[in-house]
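Shown next, in structure tokens, is the structure this report addresses.
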Amino acid sequence: MKKVNALILTGFGLNCDNETALAFELAGANSHRIHINSLISGNTHLEDFHILALGGGFSWGDDHGAGVIQALKLKNHLGEKLLSFVANGKLVIGICNGFQTLVNLGLLPGLNNDYTTRSISVTYNDCGNFRDQWVHLAADKQSPCVFTKDMDLADFPVRHGEGKFIADQDIVNQLIANNQVVFRYADKEGNPANSAFPLNPNGSVDDIAGICDPTGRIFGLMPHPEAYNHYTNHPDWTRQKETLKRQGKSLNDTMTIGIKLFKNAVDYIESSFF
Amino acid sequence: MISCIEIALRQELKDAEASALQKKAGSYFGIQIEDARCVNMVTIESDLSSDQLEKVKDQILTNPVTQVSSLTPLDIEFDWCIWIGFRPGVKDNPGATAVEAVKDLLGKEFGLNEGIYTSKRYCLKGKSLTEQDAEKMAHELLSNSIIQQFKIFSSDQWDKDLGANVKPPKVVLDHTPCFDVVSIDSDAQLAQISDERNLALNPRDIPVIREYFLDESVLNARKEVGLSKPTDIELEYISQARSDHCNHNTFQGIFYYKDKSANKEAVENSLFKTYIQEPTLALKDKKDWVVSVLWDNAGVGEFDGDNNYVITAETHNSPSNMEAYGGAITGIVGVYRDPMGTGLGSKLFMGSYGYCVGDIHYDGPLNPPLHPRRLLDGVIEGVKDGGNKSGVPTTFGHTLFNPGYMGKSLVFVTALGIMPRIVNEKPSHKKKTSAGELIIMSGGRVGKDGIHGVTASSESYSENTPAGHVQIGDPYTQKKMHDFLLICRDEGLIPFITDNGGGGLSSSIGESAMISNGCVVWLDKVPLKYEGLDMWEIWVSESQERMTIAVKPKHLDRFMELSKEHEVESTVIGEYTNTGKLHIKYKEETCAYVDMDLLEKGFPSWEFDATWIHPEDRGLFEPVLSTPSNYNSLMLKMLSQPNICSKEWIIRQYDHEVQGGSVIKPLVGVKHNIPSDASVTRPVLESNKGIAFSQSLLPWYSKIDAYHMMTCVIDESVRRLISVGGRMDHIGGVDNFCWPNISFDEKKNPDGKFKAAQLVRACRALKDACMEYEIPLLSGKDSMYVDGHLEGEFGERMKVSALETVQFSAVSVIEDITKCVSMDPKIASDLVYVIGTTANELGASEYYDLFDKTGLNVPKVHFDRFRTTYKAMEKAISSELVASCHSICRGGLGVHLCLLAMAGGLGLEVDISKVALDKDKGELANDTVLFSESTGRFIVTVSQENKDVFEKLFKGMPLSLIGTVTDDHSNLKLIGMEGQEIVNLSIEALEAAFTKPFGDYI
């Protein structure tokens, strides 16, 4: 059977490539961890893949703004290839540093079919520091985002110093109107965090945690779905397990919502390409 | 041409960095700043056209959404402006990545005289701000004169066109490299040279060194390569190899131990051999899972049939005390190279930190190089950048405050890696160099940084300590190298690898060439940061992020191809031989030529007098203290003690989830805010096996007896592992000794003999505990000079020594991570048990510390009893009988019940009179039961349903049913020994106390 091929970018300080590759494997894809220079040199061809994942990490140390130099490098060497990859109906996901890279490339937000302009910034957290915590996310069920199909609530960890989403108000309004705001920081029940720290961990405008382009095929988010690849990743799993046990149930090894997100992408490719 | 680009956030956006500065200036110094803005500055020395500069400015350095930038100084108002930049030669990581970006963007190479340098200026507004305020902030908050320089401008002094007028801080040495020949006519002459050149040669080694170089056959052999008397590079090599840091002279030394109270004497010939090596080798024979110990950069244990784990822990104390950020980031990035250089190389999968510092609110007369508050800020940030940017989760850590650490603070860093058991059909834990293989240096370049770091860390801190050994680690460069080397390993390109840490090439090549029995090194091939280094400097420089690798000539092309793809610099700098000689050349000239076995030439052991005096004979006694009447206030006070209270603000700065294997996190409980007993991580995501990891530090007990300090530390770390689901049959240990100077000197170290005896006793305890619990020591290090001479208010210098300290790390393999438990009570109506016996053991407890008392009754470990209990607990957890499990540690039962209540978010009703007591020393009062730090104890919660099975499992062991979990209320209610309620506190009140000292830190 034909398999979905996912390319997970590596090199230059990226660091979530192994677990992102595993997440795609658990979701049914073939994962390929590929060094950026291998794409640039032509040893590996982007067009051989269906999904491009720009994962978390500190590309070039994040020294001149998170994801900036990575975006520049991709734009200079692979700009046209990236645009045709997207135009061919394939999928791109940017997580954390990858999200920062996508907005610096201009692949997001992709308003009015413009995939090259930087109109969004993901910048320093209001709390003034790097922060690792789990967040509750509420999904926009009307969003065209391929990755979050049928999702309502999700818990993932954030781990960043620069995760505050900023854009001009009219851009934010357009994103909302287009249902491009895929995930918002929320409370346990899914009500928006309303900027309250630490529910909204970084001060993002309108609690925005992730956005997609108007087609829903390019998705960027600060939280890490790949870090919820096993039920024991969740901070409350021991409590969930004990509670279920008393009800005569058990915490089954079912697919986590983190893996579900990758599965949605794999399913989409299977239905539209095979 | 020199250009300077200034970048700042748009005025309307919040400047979080500046706000943090404003806050610190207020809370640290009472300086009121009304507004602050940061300006990033990038100084470029290169012949770029104005178009190119614009391109660099707009595309690399400026975010169009959030920032403004200019090639001329930005017009931002201020009353005072502070500019901070690096001193020449200090590692400028953002400067280096900017060079990479500019090269890529413009397709241009940078010559030796070109470079990019970053700096910052802070624009401060405040009506009351004075020049003195600005200077204080520059000195004590924003810069460290060891690595940085600053300028201060008032608004009147500011030239709007010139701005801060930054000159590139590049190193220009203008020096032709050379080596010296050293006269060794007499011992005195060599001793004098050793002093002058900071060689730190031990006087007892000097005759051995002279004898070697004056030997006729040696002289004849040297004549053939054009050498006679020793060269400076040769003496540097010997100095590095013989330093306490590299050679562990203290632990290999002879101790004349005298028990003054019992009038007994004993001679210890080598603490290392007797108390570390022997028990570990004995246990290795017994435990199949011990793969490799005692020789490599880190120890190796079996994870599963296909993978082995690697563990080591280090300290980085001396550098961190002078430049906290630089020292700590270099420490964590440095310890991460150890697993990379163990066996054929492992992939890092977790790390941990430990900080021991003075009182961060200290306002007394002593003047440490860095105030404890500033030091702690710096080390936290250093480990944050080093750990997070390495892509390695920091899953555990601890922070401890004690005045003794003001002399020298401790920074512990731990690293764990994982590697396939078999690589390219060969066992991955074995490695060797062979004649004919090339010596390759990969990673960073060599500069003057870190010269004599090893010998400096083998000395107490004084006003003469050379500052040049402070560095700034570069996790970015190292991460690239890490990824690259793992690919080389898997392709079978690496027969040998080791890291360049203390001693630089001198250690890494010196030691690896012992295996092949010789080498030729071409020092002129070593890539340098700047020209003009002497040969000996290249040889001993501790410039970071470098590995030394052996590669067979037939594999060189492939190795270099991968190196190029990953943009890691690799250079052939020599060849392993079997000539029996360490042969160093610079171009065609020989500058060192010594026998590989020179270091085995009968260098004398160090000797120490050790005198033990029993605590009673030192005048220690139990304080006269009646039992308190207000336990509610007392409990809240205990929770607010710096060594008990929440340090969530530190833990959350560290990524503990990266790599996706987190099972038990450093913070647990319903609000994810209570420190966990241990962490559990899946290093192999396809497997349900995990690694449990814990650490303990109880230096206070050394005030009474370092023997019991050591056994208690080991017991606690074991118990922490058991609490999350660890196994008694697989516990590996790592010991990190941090000791004040033990060499007796009537004037300089009058209690040296006692501290030496404490060391002997701690080592004896180490062996006893390891044998009893069957813990092989997978790795360990010592740092022997934890003293400082601090300037006082009258110009005097006061020696401040740390408590005798050991950090013990324990690691266990979890068979099935889905059976792990956390410490939080989970379900109302569950039963609360205490396992273990509580005795009158308040000596050196947190409770006594509250009253500034020490006492005498230090906790003792009863191995036989505890082992049985721990095995039962292991069974209870693996049979899924308990809902939560927590070890009772510092602060005793009372404090840990509070932690339990907060973690569970449910009420707890407990009767402490039900606790199993040891009444050997008489009846126990409420305060003793609540705050005694007796070891071997757990608190568990169990469902009513499991009551019988659970109790049966612990039959014959001290098990006390002390209360229940309830949702009738959310208070902690304690019934005292006399049957009346002594504590009734809401979780909110507990949380307020627990977060009081650091709750508003982020």
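Just so you know, these numbers use all the heavy atoms, side chains as well, and skip hydrogens, waters and symmetry mates. Labels below follow one simple rule: chain letters A, B, ... track the order of the sequence lines, proteins then strands, and each chain is numbered from 1.
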Euclidean distance, [Y] [atom2] relative to [X] [atom1], rounded to 0.5 Å:
X	Y	atom1	atom2	answer
S662(B)	Y228(A)	OG	OH	12.0 Å
R682(B)	T232(A)	CZ	OG1	4.5 Å
I827(B)	T243(A)	CD1	OG1	4.0 Å
F58(A)	D655(B)	CZ	CG	7.0 Å
N104(A)	Q59(B)	CG	CD	11.5 Å
D62(A)	N388(B)	CG	CG	11.0 Å

If you count heavy-atom pairs under 4.5 Å between each of [options] and chain A, which one has the most?
options	result
L105(B), N93(B), L9(B), L61(B)	L105(B)
G95(B), G391(B), A16(B), G660(B)	G660(B)
P94(B), C820(B), S390(B)	P94(B)
S19(B), S822(B), A20(B), S884(B)	S822(B)

Heavy-atom donor-acceptor pair, [X] side chain to [Y] backbone, under 3.5 Å:
X	Y	answer
K665(B)	N233(A)	yes
W237(A)	V663(B)	yes
N37(A)	E565(B)	yes
D63(A)	T97(B)	no
E19(A)	Q659(B)	yes

Does any heavy atom of chain A fall under 4.5 Å from the side chain of [X], the backbone, both, or neither of them?
X	result
D483(B)	side chain
E880(B)	both
T818(B)	both
A903(B)	backbone
P393(B)	neither
L13(B)	side chain
D92(B)	neither
A883(B)	both
V102(B)	neither
Y654(B)	backbone
V680(B)	neither

Taking all non-hydrogen atoms of both residues, which atom of [X] and which atom of [Y] are closest, and how far apart?
X	Y	result
F130(A)	Q653(B)	CD2-O, 3.1 Å
N688(B)	H230(A)	OD1-NE2, 3.2 Å
V65(B)	R118(A)	CG2-O, 3.9 Å
K479(B)	L14(A)	CE-O, 3.1 Å
K241(A)	K819(B)	NZ-CA, 3.8 Å
L22(A)	E686(B)	CD1-OE2, 3.5 Å

Of the backbone (N, CA, C, O) and the side chain (C-beta and beyond), which part of [X] lies under 4.5 Å from a heavy atom of chain B, both, or neither?
X	result
K245(A)	side chain
P235(A)	both
H160(A)	neither
L251(A)	neither

* Which is it for I166(A) and T66(B) under the side chain to side chain contact (heavy atoms under 4.5 Å, CB included) test, yes or no, and what are the steps along the way? -> CA-CA 8 Å; I166(A) 294 183; T66(B) 55; 4.2 Å; yes
Side-chain heavy-atom pair [X], [Y] within 4.5 angstrom cut-off:
X	Y	result
K480(B)	F12(A)	yes
L72(A)	D104(B)	no
D830(B)	R246(A)	yes
V658(B)	H224(A)	no
T238(A)	I664(B)	yes

* For E657(B) and R131(A), what are the C-alpha separation, side-chain angles and deciding distance, and is it a salt bridge (Lys or Arg N to Asp or Glu O under 4.0 Å)? -> CA-CA 11 Å; E657(B) 313 259 359; R131(A) 193 168 165 87; over 6 Å; no
Partner chain B: residue of [options] with the largest heavy-atom pair count (under 4.5 Å):
options	result
D132(A), T20(A), D168(A)	D132(A)
K164(A), H77(A), K75(A), E226(A)	H77(A)
G11(A), A227(A), G128(A), S121(A)	S121(A)
T123(A), D126(A), N125(A)	D126(A)

* Asked: Are more than 12 heavy atoms from other residues, nucleotides or ligands located less than 6.0 Å from atom NZ of K108(B)?
  ->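 Yes, the 6.0 Å shell around NZ holds more than 12 heavy atoms from other groups.
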* Should the heavy atoms of other residues, nucleotides or ligands under 6.0 Å from CD of Q240(A) be counted, would the total exceed 12? ->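 It does: Q240(A) CD has more than 12 such atoms within range.
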* Do H672(B) and D236(A) have side-chain N/O donor and acceptor atoms under 3.5 Å apart? ->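 Short answer, yes.
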* Would you check, one step at a time, whether the test side chain to side chain donor-acceptor pair (under 3.5 Å) holds for H64(A) with N40(B)? => CA-CA 10 Å; H64(A) 302 280; N40(B) 285 310; over 6 Å; no
* List the steps, then state whether side chain to side chain contact (heavy atoms under 4.5 Å, CB included) holds for Y124(A) with E17(B). => CA-CA 9 Å; Y124(A) 295 98; E17(B) 186 189 355; over 6 Å; no
